[in-house]
Amino acid sequence: MTAGFGSGDGRPAGAEPDDASGSMAGRPGPLPPRIEPQPGSTWSTPPSGGTDPSRTVPAPRSERPVPPNTGQWGPPPTPFGGGGHHGPGAPTAAPGPAAYPTAAPGFPGVAGYPPPGPAGAAPSTTAGHPGGPAHWPASPPAVRPTRRRWPAVLATLAVVVLAAVAGLQAYQLDRLGDRLADTDRRLAQAQDGDLARLDSLDKRAETLEKQAGAAFNPEAVASAVLPSVFRVRAGAFTGTAFAVGKPASGGGTNLFTNFHVVEAVWDAGGREVFLERTSQRFPATIVKVDKTNDVAHLRASGKFSGLVTAPAAAKSGQQIVVVGAPLGLEDSVTTGVVSALRPAQGGSGPAIQFDAPINPGNSGGPVINGSKEVVGIATAKARNAEGIGLAVPIKVACDGFKIC
C-alpha cells in the first residue's frame, strides 16, 4: 500500500475539491492516483511520521465520480487478452469505485499546493506542522558550461596581423633592395663618369703645367740662375763669369767668361783671377782661352752648382734673361728677346743678336731662355745704338772646351 500525501487537505470536511481540469491545463498529465485506504482502516505509518495512526481514514465521497486511471498515454493495455492471458482483444474490466481511488487533496495543480518535484523524489513535510501539505524540493538549475572562445579568436587575429605585417615588411625590403641596386648602378655610372673627367682633368693639368713651364717667367729664371753667377775681377778689369756643367775632374768648378775680360792678365802671363759674390771672394785660374770666339775657361777650387746648357740653338723671338754685373753691380737682371742669329763675319764666329739692355760689366754673363737653360754668353753691345746686344752661342763654347 502506497502512502498518501497526508491526512489533511486544508479544506473542511465534505467540501468539493477544486476543479483540477482547469489547473491542470498545460501540464504533461496527471500523476499516478493515490491509493486511499478502505473505510474504517487506519494509517500504518511508522511512529516517526507526521500523521496520527489512531485517526480513521475517511471513505471516498460518493458524490464525486472517480475518473479512470487512463494516464498520459491512455488506458493500460491488458496483457495477453482475457482469461488470465495478456494480449490484444482481452476484455477490459469496467472501472468502479474500488478500482480507481479518488484524487488526493494534494493533487498537483490544485490551487494552494506547490507543483510536484522531479520524478522519484520523496516529498518533504513542513517542519513543525504534522499532517501539513508536502512540498517537493526544488531542483537546482542546470549549469551550462561556458566555452571561452575569445583567446582562440584573438590568437588567430594576432597570427593574421603578424603574417600581414611580415608580408608588408618583406615587400618593402624587396622594394628597398631594388632601389639600393638601382642607386648602386647609378653611383657606379657616376663614378665612371667622374673617373673619366678626372683623367681628362689630369691630362689638361699636365698640358697646362707644360705650358706654364714653357711660359716665360723672369723671376723664376733669375732665382734659379743667380747662385751660379759671379762677378770676376782680373787685374784692373771686371766682368761676369758663371758656373757650367758638371764638377771638374780634379775637383772644383768650371766657369765660362769672355776672353777680353781676362785678356790683360793672360797677356801679362798671369793666370789667377778672383770671383766675388755677396762680399765673398774665391780664387780661380785661367785654364784655356779662345781669342777667335772671345771665350775663356776658368776653374775655381770651390764647389758651385753649374747651369744647364740648351741642347738647341736660340730662335728669333725667343724671350731671354741676361744676368751680370754691369758697372760692377752684381746680380743685375735684364730681359728681352732674341732679335736674330748672325753668322760669322770678318774672322769672328757666329753671334746671337738680342735687345736686352747690357753695359760694360755684363761681358761674360749668361743669356738664359725661359726653360732656365744657357743659350749664349753676352759679349758686346753696339756703340751709339740702343737695343743691340751680341752673345756667343753656347754650343760654340761647349764644343771648344768640352766642359758642358
Side-chain angles (χ1 to χ4, degrees), residues 145-229 242-247 253 303-323 331 333-338 341 352 354 356 366-376 393-395 398 404:
T146 303
R147 298 181 61 185
R148 297 182 179 180
R149 299 182 179 180
W150 286 109
V153 173
L154 292 177
T156 304
L157 290 177
V159 170
V160 172
V161 171
L162 290 176
V165 171
L168 179 61
Q169 290 181 348
Y171 173 74
Q172 291 178 347
L173 289 175
D174 183 66
R175 291 289 302 276
L176 183 60
D178 294 340
R179 292 179 181 177
L180 289 176
D182 184 59
T183 302
D184 291 339
R185 288 193 296 269
R186 287 185 292 179
L187 286 176
Q189 294 176 357
Q191 289 177 354
D192 293 340
D194 292 340
L195 290 176
R197 286 192 290 271
L198 287 175
D199 293 339
S200 177
L201 290 175
D202 290 340
K203 293 179 180 178
R204 293 180 60 184
E206 292 177 359
T207 304
L208 291 175
E209 287 179 357
K210 292 179 180 179
Q211 293 176 355
F216 184 66
N217 188 350
E219 181 181 359
V221 173
S223 62
V225 170
L226 285 176
S228 301
V229 179
F242 62 92
V244 64
K246 297 179 181 179
T253 304
K303 293 183 179 180
F304 308 103
S305 59
L307 299 179
V308 179
T309 60
K315 297 180 180 180
S316 297
Q318 187 177 24
Q319 291 178 310
I320 57 171
V321 174
V322 179
V323 181
D331 295 339
V333 177
T334 58
T335 61
V337 296
V338 174
L341 296 176
I352 299 173
F354 58 90
V367 179
I368 312 296
N369 62 15
S371 298
K372 305 172 186 179
E373 298 172 340
V374 181
V375 295
I394 192 64
K395 187 178 183 304
C398 290
C404 298

Does a side-chain heavy-atom distance below 4.5 Å link P218 with V333? no

Show me, pair by pair, the donor-acceptor contacts under 3.5 angstrom made by side chains of residues 159-181, not counting sequence neighbours?
residue	atom	partner	partner atom	Å
Y171	OH	R175	NH1	2.9

Looking only at heavy atoms, which two atoms of A220 and K372 are closest? And how far apart? O-CE, 3.9 Å

For the backbone of A243 and the side chain of T253, can you confirm whether one donor and one acceptor N or O come within less than 3.5 Å of each other? no

Measure the CZ-CD1 distance between F216 and I320 for me, rounded to the nearest 0.5 Å. 8.0 Å

Of the options V321, V322, V323, which is the one that meets V367 in a side-chain contact (heavy atoms from CB on, under 4.5 Å)? V322

Could you go through residues 185-197 and list every donor-acceptor pair under 3.5 Å that involves a side-chain atom there, pairing it with any protein atom two or more places apart or in another chain?
residue	atom	partner	partner atom	Å
R185	NH2	D182	OD1	3.4
R186	NE	D182	OD2	3.4
D194	OD1	R197	NH2	2.1

Please report the shortest heavy-atom distance between A224 and L307, naming the atom on each side. O-CD2, 4.5 Å

Of all residues at least two apart in sequence or in a different chain, which pass the salt bridge (charged side-chain N to carboxylate O under 4.0 Å, His left out) check with K395? D399

First locate atom NZ of K315, then atom CG of N369, and finally report the distance between them rounded to the nearest 0.5 Å. 11.0 Å

Side chains of I368 and V374: does their closest heavy-atom pair fall under 4.5 Å? yes

How far apart are the closest heavy atoms of A356 and G336, and which atoms are they? CB-N, 3.9 Å

For the student: nearest non-hydrogen atoms of S316 and L341, plus distance: OG-N, 4.5 Å

Measure across A314 and V338 and return the closest heavy-atom pair with its distance rounded to 0.1 Å. CB-CG2, 4.2 Å

With distance as the sole test, does S228 use its side chain to make a donor-acceptor pair with the main-chain N or O of F242 at under 3.5 Å? no

Testing the basics here: between V229 and P366, what is the closest heavy-atom pair and its distance to 0.1 Å? CG2-CG, 3.8 Å

